[in-house]
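Below is one structure; the comments refer to it alone.
So you know, we letter chains A, B, ... as the sequences are listed, proteins then strands, and number each from 1.
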Number of protein chains: 2
Amino acid sequence: MRHDTSCAGSHFSVDCPSRLLFDQVADKWSMMIMTVLHGGATRFNDLKRRLEGVSQKSLSMTLKRLERNGIIARSVIACTPPGVLYELTPLGLTLLPPFQAIYRWANENMHAVEAARNAYDRNIGSA
Amino acid sequence: MRHDTSCAGSHFSVDCPSRLLFDQVADKWSMMIMTVLHGGATRFNDLKRRLEGVSQKSLSMTLKRLERNGIIARSVIACTPPGVLYELTPLGLTLLPPFQAIYRWANENMHAVEAARNAYDRNIGSA
DNA sequence: CAGTATCCTATGAGATACTG
DNA sequence: CAGTATCTCATAGGATACTG
């Protein structure tokens, strides 16, 4: 089985790995979940509390998708009250540094992006 | 004006910069566009050809959004036939390294992700 | 606690046709 | 060439209610 990236040079075919990544694991919630899990295994409702604004459904779906892609692991702890822990897999851990680079960029360049947006919107208005 | 990231520790508030980033500039098409533009200023239809599967509408919208956020610049060249060039801004250039880290991860870990997915789907079937 | 199921709506995105 | 406009449809996602 070949694993042609099909993205050589500057042509991006439909089966480009980067598409898979952005379709499956590089969204907003995924990044936040992984960042939280980096601090240790976490319960469902703890996650929900930390990810302000996430709906139960979105969280549930995102967790399942991340689990399916081998990024996080789900484990049931038999106790009362029953609980479930989510944690990063070794594979998931390797994704953290790239995400942190993105996250760092976001923090460092928020101002510039906001300024650009304001400038753009002003020009639209006066165009 | 304070620029509280509101994401200290492991709580992600609604105005977290990373959310802005993923909402505005960290999607699939954006990353591919930026990668192409890294090779030099490019015309609209050239971009369309290289991004297999992108619709004219999606490309147009994504370009406008990136321009609004200060990531790329649009310049009209007065000639026949008339043309438009898109290129990365200095700000856009700074986003490239983080994106390349993601891209590299995708290429290196495609196999593992696919394997995880297959395993997961097999277990679902036999559960 | 940790979800699933259902309903409903807003947005995303393709296809197509048209414009400066 | 470089888009915009419109139409349509599929999906993502929130709210709510229910279950093991």
### Query
Which nucleotide, in any strand shown, forms a Watson-Crick or G-U wobble pair with dC18(C), with both distances under 3.5 Å?
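Answer to the pairing question: dG3(D), which forms a Watson-Crick or G-U pair with dC18(C).
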Whole angstrom is fine here: how far is it from [atom1] in [X] over to [atom2] in [N]?
X        : N       : atom1 : atom2 : answer
Ile77(B) : dC1(D)  : CD1   : C1'   : 10 Å
Leu66(B) : dG3(D)  : CG    : P     : 13 Å
Leu47(A) : dG3(C)  : CG    : C1'   : 13 Å
Asp27(A) : dG12(C) : CG    : C1'   : 15 Å
Phe44(B) : dT4(D)  : CZ    : C1'   : 10 Å
Trp29(A) : dG14(D) : CH2   : P     : 7 Å
Lys48(A) : dA2(C)  : NZ    : P     : 12 Å
Leu63(B) : dA13(C) : CG    : P     : 14 Å

Report yes if a side-chain nitrogen or oxygen of [X] is closer than 4.0 Å to either non-bridging phosphate oxygen (OP1 or OP2) of [N]; otherwise report no.
X        : N       : answer
Arg74(B) : dG3(D)  : yes
Arg43(B) : dA2(D)  : yes
Ser58(A) : dG14(D) : yes
Lys64(A) : dT4(C)  : yes
Tyr86(A) : dC1(C)  : no
Ser60(A) : dT4(C)  : yes

### Query
Out of dG13(D), dG14(C), dC1(D), which has the shortest distance to the side chain of Asn45(B)?
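The answer is dC1(D), which lies nearest to the side chain.
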### Message
From the set dG13(D), dA15(C), dG3(D), return the single nucleotide nearest to any side-chain atom of Lys57(B).
### Response
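In terms of side-chain proximity for Lys57(B), the closest of dG13(D), dA15(C), dG3(D) is dA15(C).
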### Task
Using heavy atoms to find the nearest nucleotide of DNA chain D for Ser55(A) and Pro82(A) separately, return the residue whose nucleotide is more 5′.
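Upstream on the strand: Ser55(A).
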Distance-only, no hydrogens or angles: does the [X] side chain make a donor-acceptor pair with backbone N or O of [Y] under 3.5 Å?
X        : Y        : answer
Thr62(B) : Trp29(B) : no
Ser58(B) : Ser55(B) : no
Arg19(A) : Phe12(A) : yes

### Query
Looking at Arg49(A), Arg43(A), Arg50(A), which one forms a side-chain hydrogen bond (donor to acceptor under 3.5 Å, both in side chains) with Asp46(A)?
Arg49(A)
### Task
Decide, yes or no, whether a salt bridge links Arg65(B) with Asp27(B) under the criterion of side-chain N to carboxylate O below 4.0 Å.
yes
